[in-house]
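First comes the structure, then the notes that go with it.
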Amino acid sequence: MTQIRVDDNEGIESALRRFKRKVSQAGIFPDMKKNRHFETPEQKRKRKEVARHRQNKRNFRKGI
């Protein structure tokens, strides 16, 4: 859970900007998007297979 403390003399815009920065650094948005909809086991397997293929392709180009 990401939290920030807002000072008495701090504007809401700067507090919101700090909050957004903390949330993006914590990696909450990708996780939230991933869990937004239910994924069947078949869809999950296919997504992981595509990611694995993409990673292998990157590694092959780098010469690893």
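All values below come from the heavy atoms of this structure, side chains included, with hydrogens, waters and symmetry mates left out.
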Q) Tell me, do His53 and Glu49 make a side-chain contact under 4.5 Å, heavy atoms counted? A) no

Q. Does CD in Gln55 sit with more than 12 non-hydrogen atoms of other residues, nucleotides or ligands closer than 6.0 Å?
A.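 Yes, CD of Gln55 has more than 12 neighbouring heavy atoms, counting only those of other groups under 6.0 Å.
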
Q | Closest non-hydrogen atom pair between Glu10 and Arg18, with its separation | A | OE2-NE, 3.0 Å

(Q) How close do Phe19 and Thr2 get, counting heavy atoms only, and between which atoms? (A) CE1-O, 3.9 Å

**Q.** Same cluster (ILVMFWY, side-chain, under 4.5 Å), Met32 and Ile4
**A.**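 Yes, Met32 connects to Ile4 through the hydrophobic network.
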
Q. Is there a path from Val6 to Leu16 through hydrophobic residues (I, L, V, M, F, W, Y) whose side chains come within less than 4.5 Å of each other?
A. no

